[in-house]
Number of protein chains: 2
Amino acid sequence: MTAHESERIQSVETAFEILDYLQHNEEAGVTEIADALSVSKSTAHGHLSTMESIGHVVKVDGTYRVGLSFLELGHHARSRYNLYESAKAEADQLAEMTGERCQIMVPEGHHGVYIYQTAGEQAVRTDSHIGSTVDLHCTAVGKCYLANLPEDELEAYLDDVGLAEQTEHTITDREAFRDELETVRQQGYALNREERIIGMRAVGAPIVTDQNDVLGAISVSVPTTRIDDRAAEDELPKQVQRSARVIAIRTTYS
Amino acid sequence: MTAHESERIQSVETAFEILDYLQHNEEAGVTEIADALSVSKSTAHGHLSTMESIGHVVKVDGTYRVGLSFLELGHHARSRYNLYESAKAEADQLAEMTGERCQIMVPEGHHGVYIYQTAGEQAVRTDSHIGSTVDLHCTAVGKCYLANLPEDELEAYLDDVGLAEQTEHTITDREAFRDELETVRQQGYALNREERIIGMRAVGAPIVTDQNDVLGAISVSVPTTRIDDRAAEDELPKQVQRSARVIAIRTTYS
DNA sequence: AACGGCGGTTCGCTACCCCCGAACGAAACG
DNA sequence: CGTTTCGTTCGGGGGTAGCGAACCGCCGTT
């Protein structure tokens, strides 16, 4: 990782801290933000009015909110991954067929980002949504990605990020994790057995090009109350893998 | 408008200028950005590495891109408008029925922003997409909004923004524009007759609550080659208005 | 394989400007 | 009507953002 700590521009950092605060609090006033970030009121005010003049922050009734301009920025960022356009319809179909929640993930800087998510009829609500970043080691999509990584990059990932325990089922042992990835490679799909959230399982498959590049992964999440082992390890993987292949083909020829 | 020009924080402004540049250029290097924005290489580098460390910018193969983190920010911003959730399905349906392009707009700071857009079978591609900001005076959705504004706010809008000519059909005369808004109020829907783009017409209807607040507007865009005046001024408006009413009801009871 | 050019990164200095604290103005509350 | 609270404005000092130059690594070239 580059970016020596010294080379950071403070005012830019606080600007984004403010946006971050606004994101998690819907709306807020100058004083509230200043207190939360331990800066003076005038500083917070300066940042807010600067961002307001650009249009990235909006003031309604005296309180500030993040502007809709980020919608455009986010969509532009996503449009670079032509995976999105080719995967959307297929994900919808998979969600409808299974009735469950389906998501598309791409890797970005040692994390995974859901670039699409769609819910079938019986899908349960989760904490993840479009734009969410998730750890790679405890999700089906993440393991799909890591399993297809060259050895040295995997090593770098494990050194940098590690295998933080999310639930009692999270694989935290390095050797066990390598074994798990080997299994993923052999099966061609990955399982998540309550490794991130108790009560949630998932089946994911990697989306790979002809040149064996992993563009991302697709997965279906199912609550444990609604899944039996046979379906989880037989039918569902087949469906997910089929979708992944369709997406891969569609992505390369577009 | 508050925010005296003096009260702006430069480094924050350039940070967003860099993001803006990246948005319009997919990817770029330090030197390229520095030249484009007339700042030194080291300055550009400082900004980029700062934003990279936060995760808002990503470096791949030595060139920088906007990060997917903005997807989350954008979606959060949109989720405040519960209009989105309640309007999405209805817009899809309208697009499918008409076969044309359909969009949902909300006002934000003297502009309109498309928070959703969906394309029917025969829909043509346009320059607008989710997150686009558009002028209010030369779009069907915008006129719907302006028509429902109290007089003083409309006055303020006209003073601030004006009626810039986009095509030869744009209404630029202030009196003519007031008349147009009066027509919109009486009909309950608005037309766009190639006022923003030559070759494109649109029909829009306001989404209003019981308390007569205008939450936004919905519209259908149709190329002139495929529309006869009867449909444009009879059937289509009815459909759009129906959708607008459905959305309004769904929004208030959710 | 040595060379030259290009672009990204680092370094040190200086002028500038960002941050702070305090004062002001304006609402909302009792 | 006094009081509190919050947003906004103002001036000064310390820090820092920005610059230019030097450094370095990666190309393609000869």
Side-chain angles (χ1 to χ4, degrees), chain A residues 1-22 25-67 109 152-153 156 160, chain B residues 1-22 25-67 109 152-153 156 160:
Chain A
M1 282 277 103
T2 46
H4 285 164
E5 284 73 38
S6 52
E7 286 290 348
R8 305 250 199 88
I9 298 172
Q10 274 201 4
S11 37
V12 175
E13 282 193 314
T14 54
F16 283 115
E17 278 172 27
I18 289 176
L19 283 175
D20 205 56
Y21 185 85
L22 284 177
N25 291 274
E26 298 281 292
E27 62 174 42
V30 175
T31 314
E32 180 185 346
I33 293 173
D35 287 348
L37 304 187
S38 306
V39 295
S40 72
K41 270 199 298 180
S42 46
T43 302
H45 176 72
H47 279 277
L48 285 166
S49 58
T50 303
M51 291 194 278
E52 189 198 1
S53 74
I54 311 176
H56 287 311
V57 154
V58 174
K59 182 167 47 170
V60 293
D61 304 334
T63 73
Y64 293 90
R65 308 177 168 198
V66 302
D152 55 337
E153 288 187 40
D160 272 14
Chain B
M1 285 272 106
T2 45
H4 285 165
E5 284 73 38
S6 52
E7 287 288 349
R8 304 251 198 89
I9 297 172
Q10 275 200 1
S11 37
V12 175
E13 281 192 315
T14 56
F16 283 115
E17 277 171 28
I18 289 176
L19 283 174
D20 206 56
Y21 184 84
L22 285 177
N25 291 274
E26 298 280 293
E27 62 175 42
V30 175
T31 313
E32 179 185 346
I33 293 172
D35 288 348
L37 305 187
S38 306
V39 297
S40 71
K41 270 200 296 180
S42 47
T43 302
H45 176 73
H47 279 278
L48 285 166
S49 59
T50 303
M51 290 194 278
E52 189 199 1
S53 74
I54 311 176
H56 287 312
V57 154
V58 174
K59 181 165 52 170
V60 292
D61 306 332
T63 73
Y64 292 90
R65 308 177 168 197
V66 302
D152 54 339
E153 289 187 40
D160 273 14

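Just so it is clear, the values below take in all heavy atoms, side chains as well, and ignore hydrogens, waters and symmetry mates.
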Between Thr14(B) and Thr63(A), just flag the one whose closest nucleotide in DNA chain D comes earlier from the 5' side. Thr63(A)
If you pin Gln10(B) and Val30(A) to their nearest nucleotides in DNA chain D, which one's is more 5'?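 In this pair, the answer is Val30(A).
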Considering all heavy atoms, the nearest [X]-[Y] contact:
X        : Y        : answer
Leu19(A) : Val66(A) : O-CG1, 3.9 Å
Ala44(B) : Ile33(B) : CB-CG2, 4.4 Å
Lys41(A) : Val30(A) : O-CG1, 3.5 Å
Val57(B) : Tyr64(B) : CG1-CD2, 3.6 Å

Rounded to the nearest Å, what distance is computed from the [atom1] atom of residue [X] to the [atom2] atom of nucleotide [N]?
X        : N       : atom1 : atom2 : result
Glu27(B) : dG7(C)  : CD    : C1'   : 14 Å
Met51(A) : dC18(C) : CE    : P     : 14 Å
Asp61(A) : dG7(D)  : CG    : P     : 12 Å

When rounded to the nearest 0.5 angstrom, what is the spacing between OG1 in Thr63(A) and NZ in Lys59(A)?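 Answer rounded to 0.5 Å: 10.0 Å.
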Under 4.0 Å: is that the gap between some side-chain N or O of [X] and OP1 or OP2 of [N]?
X        : N       : answer
Tyr64(B) : dT9(C)  : yes
Lys59(A) : dC6(D)  : no
His45(B) : dG18(D) : no

Starting at the 5' end of DNA chain C and moving along, which residue's nearest nucleotide shows up first, Gly29(B) or Val12(A)? Gly29(B)
Would you mind reading off the bend of the helix from dA1(C)-dT30(D) to dG30(C)-dC1(D) from its two end axes, five pairs each, to 10 degrees? 50°
Any salt bridge (charged side-chain N to carboxylate O under 4.0 Å, His left out) involving residues 25-36 of chain B? Give me the pairs, sequence neighbours left out, ordered by first then second residue. Glu27(B)-Arg65(B)
Between the side chains of Ser11(A) and His47(A), does any donor sit under 3.5 Å from an acceptor?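 The answer is no; no qualifying pair exists.
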For residues Thr43(A) and Ser40(A), is any side-chain donor paired with an opposing acceptor at under 3.5 Å? yes
Taking only N/O atoms, report every protein-nucleotides 20-24 of chain C pair under 3.5 Å with atom names and distance.
from	atom 1	to	atom 2	distance (Å)
dC20(C)	OP2	Ser40(A)	N	2.8
dC20(C)	OP2	Ser40(A)	OG	3.0
dC20(C)	OP2	Thr43(A)	OG1	2.4
dG21(C)	O6	Ser42(A)	OG	2.8

Among all residues two or more places apart in sequence or in another chain, which pass the side chain to side chain contact (heavy atoms under 4.5 Å, CB included) test with Asn25(A)?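 For Asn25(A), the residues satisfying side chain to side chain contact (heavy atoms under 4.5 Å, CB included) (neighbours in sequence not counted) are Tyr21(A).
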Applying salt bridge (charged side-chain N to carboxylate O under 4.0 Å, His left out), name anything that partners Glu13(B), two or more places apart in sequence or on another chain. Arg8(B)
What contact category does Glu32(A) fall into here, base, sugar-phosphate, or nothing, at under 4.0 angstrom with non-hydrogen atoms? nothing
Atom pairs under 3.5 Å: protein N/O with N/O of nucleotides 26-28 of chain D:
none

